[in-house]
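Each remark here refers to the structure printed beneath this line.
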Amino acid sequence: MRQGAAAGGAGTAPERAEAALAALAASPAAPDRLRRLLEQALVLAGASFAGVYTPGDDPALLRLAESAGLPRSLYGLPDTYPAAGPSPVAEAHRTGRPRWPTPAHPNERPAPSSEAADSAPSSEAAGSAPSSEVVGSAGPSEAAGSAPSSEAAVSAPSSEAAVSARPSEAAVSAPPTEAAAVASRPEAVPPAEAASRPEAAEAAPPTETAGAVPLPDIAVAVLPLGPPGGGCLLAVRGQPGGFGADERACLELIARAIPVPAPAVAAGTGEPAGDDFSLAMDTGRVKAGPRLLRLFGIRPERFDGHVETLLGRTVPEDLPALMSAVEADHMTIGERELEFRVVQPDGPPRWLRLRGRLLPRGEGRPARLVGTVVDASTLRSDGTDVARVQRLAASLATAGTVKDVGQAVVAALRKPLGADRIALAELENDRLVVTVLDPPEPDAWPEVWRSEWRTEWPDAPVRAMPTLAAALRAGRARIWPAGSALEPALGEVGPGGLAVLPLPAGSRMAGACLIGWDRPHHFAPDERALLTACAALTGQALLRAHAFDAEHELVGMLQRTLLPRRLPRLPGGAAVARYLPTTAGLEVGGDWYDVIPLADHHVALVIGDVQGHNAGAATLMGQMRTALRAYATEGHAPDVVVSHANRLLLDMETDLFATCGYVDVDMEQGTAWCVRAGHPQPLLRHPDGTAEILRCEGGPPLGVLDRAEYPMTPLRLKPGTVIALTTDGLVESAALDLDAGMDRLARALAAADPGHLGLVADALLGGAHRADDVALLLMRYDGMAVRPLRESWTVWRVPEAARHSRRFTRRTLRSWGLPQDTVDAALLVVSELVTNALVHTGGPVRLDLGLVGHRLRLAVTDSSPRGPVKPAGIGWEATGGRGIWLVEAVSAAWGTVPVSGGKQVWAELVTGG
């Protein structure tokens, strides 16, 4: 009697299978339900191995999602099959039709001819169901396609001498590859059926061949899961006779009962959700869902992505067992499950349950351990109300924002109470500012809530729900059973029962929590006590979170105000900047950046860091940024700009100091001057893809020494060079020294594509530790497409100085090929500006001419800070005051800028040619 027919109880095997599957379906959902379904294939169908192959994150491959029975390696079964390949596994997945590959006869090495394969009978002739197909037998020669040891057996029909010469090798290699060959080869015709046809009888091979190796029969069944494209069930039987009719019927019932497993990682985003995790085995980097991190007491935005951070929260006695689950050498394709404890900030350790499986390494992807980690206490039916309150208290202790409080309340109450809806709202005057609606879909809520659904923070008026207003005034939890007369705005929240929990916080009411059921719900006394206890905890946490949110918004607004809203467009280059606040404290610090356009196509790149993480540091940062911008636009040299900022910080008599990096780039010449005040070195990425950490001389931080010197270091830039300036938060932490951090940043900069600076900045910030705030400034020097023409003339204080200036201007402009009308207008402007400088100022005077495109710039620099004054009116008898009017009349634009204690008066003309 076959094993499948003999398994358990009265009735046929299909009847017993239906009963077993019905019992599994009626039982509560369990994490190991899929494995238990596969175990039915072992018991009821006599299979020795059963596995489910489904599309994973790569739709081109079918991956083994779960298995039961003997190890797959015993049959040479792979972990993946190409979804578009010719194997029966892929065929069943694509077509939605089962495949029943038949075994080879003992002591037989079949080699079906192409004619026999072409004349294969239909599935009906083979005696199978109309929707199934029979696939021919496979010997060890066909297994060579997936077994390295059987490479020579590909031509087995013509190389029996080679087989007989090495019988021991064939005997060893055949069993592991028999099932793999049947499951992965294209369809063929069973030799028995081919031999039964008259036209093939003469060509049938003998039943025994000299030197043949006896092999056991191996039967394979491949059944689709649902419609085409949903995966398939693969069953292997290593006993003579293959799968009979009853076993096939059982396998079909099991395949219909198997749900298609969802991939552990969200498609498209690569980010785990909820309780899921994905661990890269080569680097130890782990991606974890937000609920999983909260189980470890870690806020998602504070997680650094290292598995050691999670292991460090584990109770030491449980660490060896947990380490065995995250080491690849100890994992099989089947799932691994264990429970362990994590340390809590207060109270006893928390029991967690891990289920995971190892995904093998693929092309361009390391081996990964994927699975889930859940609260083990929530999986037990004996969870007490005291334990629920303790879990809520622990969750609220780590909830920083109002949104965190809402998520903790939903997690603690909705599932344990079997509720259908939960709403959490803050009370502000006469309105409920709703922070959480679960489920979040507007259609799940009454019209008054739906109509107020405008943003992430919807609100509903209390006056529209007088019953709710009365409950809030009373300050006590109220419960209404099914059928209670309530206004629609409340009654539709819980037609089967409604609980309203006012959330007290000291002497005021912080808000309300509404819990609703669709089906009639009986409120037990312990539930009332649970709701009352949770209300008090939630009210206090909501008040704290609201204060935290308000403070966070204030410091965030301060930070956004003090940093540049946007960076200027640069001639011959591009710049991007990023700022990441620290995830500790007020989340505001003193890091800043700035890009300052200067005269003559110069650009100043500034980055700095004020000591501390508080509002005082942020305020001082804004003052230093403004001061450096003012000194730079005055035209001072880079070392003078930084020296002035140092004296300013000393005069403020503050206890804080600041570091600063200042780079003045000449976009025309491709040169730069770098000044450092205790700040990390700049980095250069050269056009050839190499990156270097510059060795620029530096001085002490700002605000430390009164007579500090800040030397300048020259730099040479080629088109395509990227300058990177950053603060120490990106390159230094408690676990990373500055030199190692700079080296890592240089490697990341070298590997980036400079054509997309925004992507480069995001990639460089990918490993930020967030224990300190981070500022990053990148500038790519491309070189100017059109270089300006420039000439300068020192004006001597001699009686004919104006005439000499006009002669210099005339010669220069004619050599540039400008039209005569432009030359005449320029001579008039030069004459007026030079004369004003000689008459009204003392000291040296310089004339600068520049041509960029079709714009001619004329500038006269002197040592007086006083700018020219345009008179409001000029009488006919006045002897002066008309010069500025003439300059304004013939110029497209004119103005004055401060330059190193003096000024520069400039005018621009449009050449028109």
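Just so we're clear, the structure is a prediction, and the values are computed from it rather than from any experiment. Atom set for the values below is all heavy atoms of this structure, side chains included, hydrogens, waters and symmetry mates excluded.
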Counting only N and O atoms by type, is there a donor-acceptor contact under 3.5 Å from the side chain of [X] to the main-chain atoms of [Y]?
{"X": "Thr95", "Y": "Glu91", "answer": "yes"}
{"X": "Arg94", "Y": "Gly85", "answer": "yes"}
{"X": "Ser48", "Y": "Val236", "answer": "yes"}
{"X": "His93", "Y": "Cys232", "answer": "no"}
{"X": "Glu247", "Y": "Gly244", "answer": "yes"}
{"X": "Arg237", "Y": "Ala45", "answer": "yes"}

Which atom names give the shortest non-hydrogen contact between [X] and [Y], and what distance separates them?
{"X": "Ile254", "Y": "Leu37", "answer": "CG2-O, 3.7 Å"}
{"X": "Pro14", "Y": "Cys250", "answer": "N-SG, 3.7 Å"}
{"X": "Pro687", "Y": "Gly720", "answer": "CG-C, 4.1 Å"}
{"X": "Phe243", "Y": "Ala219", "answer": "CE1-O, 3.8 Å"}
{"X": "Leu233", "Y": "Leu251", "answer": "CD2-O, 4.0 Å"}
{"X": "Leu778", "Y": "Ala724", "answer": "CD2-CB, 3.4 Å"}

Straight-line distance of [X] [atom1] to [Y] [atom2], nearest 0.5 Å:
{"X": "Leu292", "Y": "Leu354", "atom1": "CG", "atom2": "CG", "answer": "8.5 Å"}
{"X": "Arg285", "Y": "His306", "atom1": "CZ", "atom2": "NE2", "answer": "4.5 Å"}
{"X": "Leu44", "Y": "Leu253", "atom1": "CG", "atom2": "CG", "answer": "9.5 Å"}
{"X": "Asp276", "Y": "Lys287", "atom1": "CG", "atom2": "NZ", "answer": "13.0 Å"}
{"X": "Gln40", "Y": "Ile258", "atom1": "CD", "atom2": "CD1", "answer": "10.5 Å"}
{"X": "Leu34", "Y": "Leu38", "atom1": "CG", "atom2": "CG", "answer": "5.0 Å"}

For a 4.5 angstrom cut-off between non-hydrogen side-chain atoms, does [X] reach [Y]?
{"X": "Trp100", "Y": "Val222", "result": "no"}
{"X": "Val373", "Y": "Arg291", "result": "no"}
{"X": "Leu311", "Y": "Phe296", "result": "no"}
{"X": "Thr54", "Y": "Arg63", "result": "no"}
{"X": "Leu352", "Y": "Val374", "result": "no"}
{"X": "Leu293", "Y": "Leu310", "result": "yes"}
{"X": "Leu234", "Y": "Tyr53", "result": "yes"}
{"X": "Val286", "Y": "Phe303", "result": "yes"}

Taking atom types as modelled, find out whether Thr309 and Asp304 have a side-chain donor-acceptor pair closer than 3.5 angstrom.
->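 Yes, Asp304 and Thr309 have a side-chain donor paired with an acceptor closer than 3.5 Å.
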Show your reasoning for whether side chain to side chain contact (heavy atoms under 4.5 Å, CB included) applies to Thr690 and Arg685.
-> CA-CA 6 Å; Thr690 60; Arg685 185 192 188 279; over 6 Å; no
Could you pull out all residues at least two apart from Arg313 that satisfy salt bridge (Lys or Arg N to Asp or Glu O under 4.0 Å)?
->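 By the salt bridge (Lys or Arg N to Asp or Glu O under 4.0 Å) rule, Arg313 matches no residue at all.
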Run the side-chain donor-acceptor check on residues 751-765: report pairs under 3.5 Å with partners two or more places apart or on a different chain.
unit_1 : atom_1 : unit_2 : atom_2 : d
Asp753 : OD1    : Gly755 : N      : 3.1
Asp762 : OD1    : Arg578 : NE     : 3.0

